[in-house]
**Student:** 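My structure is below; once you've seen it, I'll send some questions.
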Amino acid sequence: MAAAGAVTTVAASYVPRTRDSFLHLLSKAVTLSHLTELHAQLLHNGFQSDIATTTKLTHRLFDFSAVHHARSLFFSFPEPDRFLCNVLVKGLASNESPRSAIAAFKRLRERKSIDLGPDNFTYAFVIPAAASVGDVKVGISLHGQVIVGGFCSDLFIGSALIDLYFKLGRDDMARKVFDEMPERDAVLCNTMVSGLGRSSRFEDSIGIFRRMSEKTLASWNAMISGYAQNGLTEAAVSLFQEMQMSNVSPNPVTITSILSACAQLGALSLGQWVHGLIKSNKFDSNIYVSTALIDMYAKCGSIVEARRLFESIPNKNDVTWNAMISGYGLHGHGQEALKLFHEMVSSGTPLTRITFLSILHACSHSGLVKEGEQIFKSMKRDHGFEPISEHNACMVDILGRAGKLKEALDFIEGIPGDPGTPIWSTLLGACMVHKDTNVARMASEKLFESDPGNMGYYVLMSNIYSSDKNYPGAAFVRQVAKKRNLSKTPGCTLIEIHQKPHVFKAGDWSHPLSRAIYAELERLNGKMKEAGYQAETMTSLHDVEEEEKELMVNVHSEKLAIAFGLLSTEPGTEIRIFKNLRICLDCHTASKYISRVTQRVIVARDANRFHRFEDGVCSCGDYW
DNA sequence: GGCGGTAGAA
């Protein structure tokens, strides 16, 4: 107490008189009360119309989130210059009020004075604000102003625009801005790489990364060409080859983004290569990088490696813990996830809403109903988190997957207000697993109403009808979807053999070894049937002859990839495949049989989780 | 005389 009083006394007794000393003290202030005191002294010393000190003070007030104080200071100043205006726009934008930043920007622009017109700094502040609001009109208008104002070649504005367009869902425009930049630096490239990754344009994202690290990467071309097949655009890769990149090398931000792309894609060998790059560049200590690595290993199937890394990180934060907990969840290791969750609690790391999402997900993937319910209750009671829609969806998932559809419905009724799309979609998924047509019909009606453009719900509902042998119902749902011009994401499966990715689509004959692959499938089918396998045709097809159905199911991408994997690896080797959608019921059953008749472990990652097939049994316990 | 763009977990 005495010490604190002494500090105040010193500060108060030293009354600065010059502008320089004021500026110095303003930038040194470490608490909001220092600033308030300095403000008083400024007024006392007649600095109220001095623009330099006012600007500094405004800036520092925003640093301490004193938005109201900063604002009134700005508006009490008679003639703010452009710099002071920029400080206002930036301060508002970075204090979670991007809308008021945009509003302030508009007002300032309407003033006719040339001095107050926006400059390159202004746009670097206001464009990210428009991006976080997601306002298309404002965004496009800002881009127009940038062009008219002649700021197109500004690197800061360029990356802000690229990020803006990705957030507006316009990767074409992001690409255009990127292509038209006369010069590119690391941040600009990073913005492009991470934006492409977020839009699932992995091959493009990896392509840019390749340009950045070309000198150090061997046999890169083979890798890229494989991944390119998985996405929309093979042409993209050749575009990158034309691209002129100035000597830019990857930094931790680039690495983080590219690891996230590897994780989503299941590109383990590329991820491992990036891990090597991390070591040689000494990026290990960056917590973003190490967390992204854990996530990559977990999502690429190497949960043991993920845990090993986790243990070696000294500066774990909440995101690191969450990533590891989710990793266990994906692999169906619910008990491990629970253990880690409790360790996290006792480690003193602050829990977040995402921690609870991760652990609840883990419970649902492992069928831990009681544990999930307990954690859901304790979330509010012991940790003060009010459940948001996603937490409720997790609970519905936990109950639904466990076959407790009645409880799930009761739970939904207890949610105040509109339960929301994710909850109905979760319930519909549970109906698929437990073949409940009535609840499914109810859930799908809600979904068709709230999200009519999503093909996934129509497919799911149609499959549920089919599994109930209600073929007219299934056909009707598909017809509605067709009328609305909706199309299904094509399923594909990726398998890496000797560090090279191979991608298969359903009924694919494009692989050079196709004849051998189909012959292997034929051979497997015989052995599987001997073991008791019957093709599960009902969920994928309707009103087709039984034999024809069987033939069509036969060539799903999962099976092609597995057959290729069996052909290309030594007996006993584990087979790892990655599917972009959820694995279908027939492929799930078939994989169990294949694991038995070939005595191989098959690990399959689908859009939701991992399945580990061993000796005829799947680790998911048949609900997924 | 002082302001700038990009990253990890569901």
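None of these values were measured; they are calculated from a predicted model. Protein chains get the first letters and strands the later ones, always in sequence-line order, with residue 1 at the start of each.
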**Student:** Looking for any heavy atom pair under 4.0 Å, which part of the strands does A:T320 touch: base, sugar-phosphate only, or nothing?
**Tutor:** base

**Student:** Give a yes or no on whether a salt bridge exists between A:D63 and A:R60, defined as a side-chain N under 4.0 angstrom from a carboxylate O.
**Tutor:** yes

**Student:** Hey, is A:E180 close enough to A:K176 for a salt bridge, meaning N to O under 4.0 Å?
**Tutor:** yes

**Student:** Where along residues 329-345 of chain A does a heavy atom come under 4.0 Å from DNA chain B, residue by residue in number order?
**Tutor:** none

**Student:** Check DNA chain B against residues 48-61 of chain A and give the residues with a non-hydrogen atom under 4.0 Å, in numerical order.
**Tutor:** A:I51, A:A52, A:T55, A:H59

**Student:** What residues, two or more places apart in sequence or in another chain, satisfy side chain to side chain contact (heavy atoms under 4.5 Å, CB included) together with A:I102?
**Tutor:** A:K106, A:V126, A:A129, A:A130, A:V133, A:V138

**Student:** Can you give me the first and the last nucleotide of DNA chain B (5' to 3') that has an atom within less than 4.0 angstrom of a non-hydrogen atom in chain A?
**Tutor:** B:dG1 to B:dA10

**Student:** Report yes or no: is the cationic atom of A:K316 (NZ for Lys, CZ for Arg) under 6.0 Å from the centre of the six-membered ring of A:F310, at an angle within 45° of the ring normal?
**Tutor:** yes

**Student:** Just to be sure I understand the rule, does A:S159 reach a base, reach only the sugar-phosphate, or reach nothing, if contact means heavy atoms closer than 4.0 Å?
**Tutor:** base

**Student:** Classify the ring geometry between A:F151 and A:Y123 as parallel (under 30°), tilted (30 to 60°) or perpendicular (over 60°).
**Tutor:** tilted

**Student:** Counting the atoms with a prime plus P, OP1 and OP2 as sugar-phosphate, which does A:L161 contact under 4.0 Å by heavy atoms, base, sugar-phosphate, or nothing?
**Tutor:** nothing

**Student:** Can you list the residues that meet the side chain to side chain contact (heavy atoms under 4.5 Å, CB included) rule with A:D119, with sequence neighbours excluded?
**Tutor:** A:R82, A:N86, A:F121, A:T122

**Student:** Base, sugar-phosphate or nothing for A:L360? Non-hydrogen atoms, less than 4.0 Å.
**Tutor:** nothing

**Student:** According to salt bridge (charged side-chain N to carboxylate O under 4.0 Å, His left out), who are the partners of A:K167, at least two apart in sequence or on a separate chain?
**Tutor:** A:D163

**Student:** Sequence neighbours excluded, which residues qualify as side chain to side chain contact (heavy atoms under 4.5 Å, CB included) partners of A:T36?
**Tutor:** A:L32, A:H69

**Student:** Under 4.0 Å, heavy atom to any atom of DNA chain B: which of residues 289-317 of chain A qualify?
**Tutor:** A:T291, A:D295, A:K299, A:N317

**Student:** Once you round to the nearest 0.5 Å, how far does CE of A:M379 lie from CD1 of A:I388?
**Tutor:** 8.0 Å

**Student:** Mind checking what makes side chain to side chain donor-acceptor pair (under 3.5 Å) contact with A:E373, not counting sequence neighbours?
**Tutor:** none

**Student:** Which residues pass the side chain to side chain donor-acceptor pair (under 3.5 Å) test with A:T421, sequence neighbours left out?
**Tutor:** A:S450

**Student:** Taking side chain to side chain contact (heavy atoms under 4.5 Å, CB included) as the definition, give me every residue that meets it alongside A:T55, ordered by chain and number, with sequence neighbours left out.
**Tutor:** A:I51, A:F83, A:L84, A:V87

**Student:** Applying side chain to side chain donor-acceptor pair (under 3.5 Å), can you list everything that pairs with A:D20, at least two apart in sequence or on another chain?
**Tutor:** none

